[in-house]
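Below: the structure, in structure tokens.
Each residue takes its place number in the sequence, starting with 1. Counting starts at 1 for both ligands and their atoms, following the listed order.
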Amino acid sequence: MCGIVGLVSKREVSKILLECIRKLEYRGYDSVGMVCCDGKDICTKKDIGKIDEVDKKVNFIELNGNMGLAHSRWSTHGRTTKENAHPHTDCTGDVSIVHNGIIENHLELKEELIKKGHKFSTETDTEVIAHLIEENYKGDLKDAVLAAVGKIEGSYGLGVVHKNHDEIVAARNESPLIVGIGDGENFICSDVPAILKYTRNVVYLGNEEVAVVTTDKVEFFDVNGEWVDKKVEKIDWDAEQAQKQGYKHFMLKEIFEQPRAISETINGRLDDSDILIKDEIGLSVDEIKKVKKIVIVACGTGWHAGLVGEFMIEELTRIPVEVEYASEFRYRNPIVDKTTIVIAISQSGETADTLAAMKEAKKKRAKVISIVNVKGSSIERESDSTVYTHSGPEIGVASTKAFTSQLVVLYLMTVYFGKVKGVLPQEQVRNRIRDLRRVPLQIQSILEDSDYIKECAELYYKRANALYLGRGINYPIALEGALKLKEVSYVHAEGYPAAEMKHGPIALIDKDMPVVFVATKDDRTYSKILGNIEETKSRGGIVIAIITKGDKGLKEKVDTNVHIPKNSYILTPLLSVVPLQLLAYYIADKRGCDIDKPRNLAKSVTVE
Ligand code: G6P
């Protein structure tokens with residue numbers, strides 16, 4: 001959740017650290033802090049607020065030194081106060097640390113340390129680590145960190161500096177931590193966009209690994225202090241991709257990037273009559289034929305993608321699918337075994353609940369395939385195989401392009417499984433591929449109409465509530481539309497299957513309640529959804545409808561309509577979600593919300 005950056009260099013580091021931590025503000029943004037060390041003194045500045053607010057107050061670049069750490073916090077243990085903001089220190093003030101994660105046994109450790117005379121000055125779980133390092137320090141910082149992490153239970157991405165050492169010691173367990181190999185300087189960070197301007201060469205720390213980072217060298221160790229050989233990997237995103245490029249917000253930029261992102265997701269995975277993902281899926285034809293059930297685990301927007309995936313997979317492959325909230329999965333003794341494939345969907349690849357669900361599935365001998373955007377992530381490493389979404393860095397907290405790319409991967413997997421199982425004849429495979437190839441340009445055409453959606457937002461942005469309704473494969477899109485609105489505009493919104501309206505939500509409908517229908521034309525649920533629209537109108541509700549281009553009849557019935565191009569039913573969600581993303585964005589913008597950093601949310605939730 002929290003953002004971490006560290007740098008050891010031959011030059012002054014505070015300005016660079018400030019620039020880098022700004023790139024990670026989407027991870028956490030209730031307080032921020034920095035520590036720098038110039039070989040003699042170690043100085044810290046921190047406070048509550050967003051990075052720019054705090055910087056105005058404390059002026060981070062006044063900190064001197066060639067080595068430092070910065071942290072942006074998303075509170076877990078301890079209120080949002082200046083004292084609880086990172087970095088944290090020990091009794092002597094010589095040690096300074098930044099941490100992302102949760103120390104589960106911090107209360108016991110704190111009690112022990114207090115008995116030994118340590119004085120605590122914050123309410124955080126993190127502070128125990130600083131005191132443990134102090135307790136175990138005998139002149140070697142790495143050894144002290146190893147001894148400290150040996151005592152803690154829980155998750156940590158950790159950066160440590162000490163007044164008397166020209167090095168950062170970094171450690172990781174279940175919380176991402178990356179080492180960036182620069183030119184005459186080296187970095188640590190919790191997420192690659194932080195350091196992309198300076199280097200694209202990175203090493204991903206594994207669980208229970210420690211790195212000792214100096215200006216010209218990085219060494220890696222396991223928790224027993226044994227030397228570990230690590231591979232340097234090259235990031236294929238560049239710094240420009242992670243910038244706003246003239247858009248007012250990352251969310252808007254990422255919505256508009258969808259045609260390109262989806263093209264990247266498809267790229268190299270299709271020919272005219274085949275889906276080329278066999279190696280990525282990592283299952284033999286025989287294994288696929290033996291699959292009895294697919295379980296999809298995910299959180300948030302990924303879970304909505306899973307619901308669409310359920311529809312796609314069951315429809316085209318006839319393999320039964322269950323979609324589970326990752327956070328609930330392992331608490332109900334799930335029925336999975338070696339004939340089950342578990343698909344974990346995660347943009348960040350770091351969501352703690354999803355990771356825990358995968359581990360549970362692996363314990364029960366299921367094969368775990370992940371759909372992930374961020375390479376080198378924990379979820380990727382925990383999976384038997386990974387199919388990347390390749391949608392490029394997603395910075396806006398509300399997920400948009402990652403969602404549509406996840407749908408594309410699910411579609412590719414569906415058609416591939418259908419073909420391998422022999423339930424999708426060759427001609428259908430060919431048609432399905434042709435349909436998918438039309439999607440990027442179709443999304444482009446929706447985006448070109450975005451001014452119209454902006455006008456629609458202007459009509460409704462003052463409303464306090466909204467209802468989103470859809471049926472069939474568009475029911476998850478109603479959920480996703482409502483989630484987007486809640487996340488970025490703080491308007492209360494509910495997504496519902498349209499037919500369920502009459503069992504409750506209909507009581508909410510009056511002249512102040514906008515109801516957003518995903519009412520695309522198909523031969524399954526369209527006539528039924530027309531009925532639901534009538535029911536809403538006759539109770540005075542305002543109807544905004546996502547309709548299929550050319551549907552004149554429906555256009556005349558509703559208060560506001562947004563049309564989308566026609567494609568096969570199974571691909572409609574990729575199109576119908578786009579106007580809903582834009583609607584949420586423009587409503588939030590009109591309401592003056594901090595769209596890329598919505599209150600209380602974090603981009604990747606690395607705590608359970
Ligand atoms: C957070 C984000 C959501 C995201 C969810 C799952 O709640 O704010 O946008 O959908 O986590 O994240 P993941 O990285 O696993 O897809």
(request) Assess Arg599 against Tyr490: is NZ or CZ under 6.0 Å from the centre of the six-membered ring, and within 45 degrees of the ring's axis? (result)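 Output yes; distance and angle both within limits.
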
(message) Filter on salt bridge (charged side-chain N to carboxylate O under 4.0 Å, His left out), then keep only pairs touching residues 466-493, sequence neighbours left out; what's left?
(response)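 Listed once each, the pairs are Glu480-Lys484, Lys484-Glu487.
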
(request) Using side-chain hydrogen bond (donor to acceptor under 3.5 Å, both in side chains) as the criterion, list what pairs up with Thr386, not counting sequence neighbours. (result)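 Applying side-chain hydrogen bond (donor to acceptor under 3.5 Å, both in side chains) to Thr386 gives Ser370.
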
(message) Ser378: which residues meet the side-chain hydrogen bond (donor to acceptor under 3.5 Å, both in side chains) condition with it, sequence neighbours left out?
(response)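 For Ser378 the side-chain hydrogen bond (donor to acceptor under 3.5 Å, both in side chains) partners, ignoring immediate neighbours, are Arg172, Glu350.
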
(request) Report yes if the side chains of Thr301 and Gln347 come closer than 4.5 Å at any heavy-atom pair, otherwise no. (result)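 Side-chain contact under 4.5 Å: no.
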
(message) Taking non-hydrogen atoms within less than 4.0 Å of ligand 1, which protein residues qualify?
(response)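 Close residues (ligand 1, cut-off 4.0 Å): Cys299, Gly300, Thr301, Ser346, Gln347, Ser348, Thr351, Val397, Ser399, Glu487, Ala602, Lys603, Val605.
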
(request) For the residue pair Ser405 and Asn373, confirm or rule out a side-chain donor-acceptor distance under 3.5 Å. (result)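 Short answer, no.
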
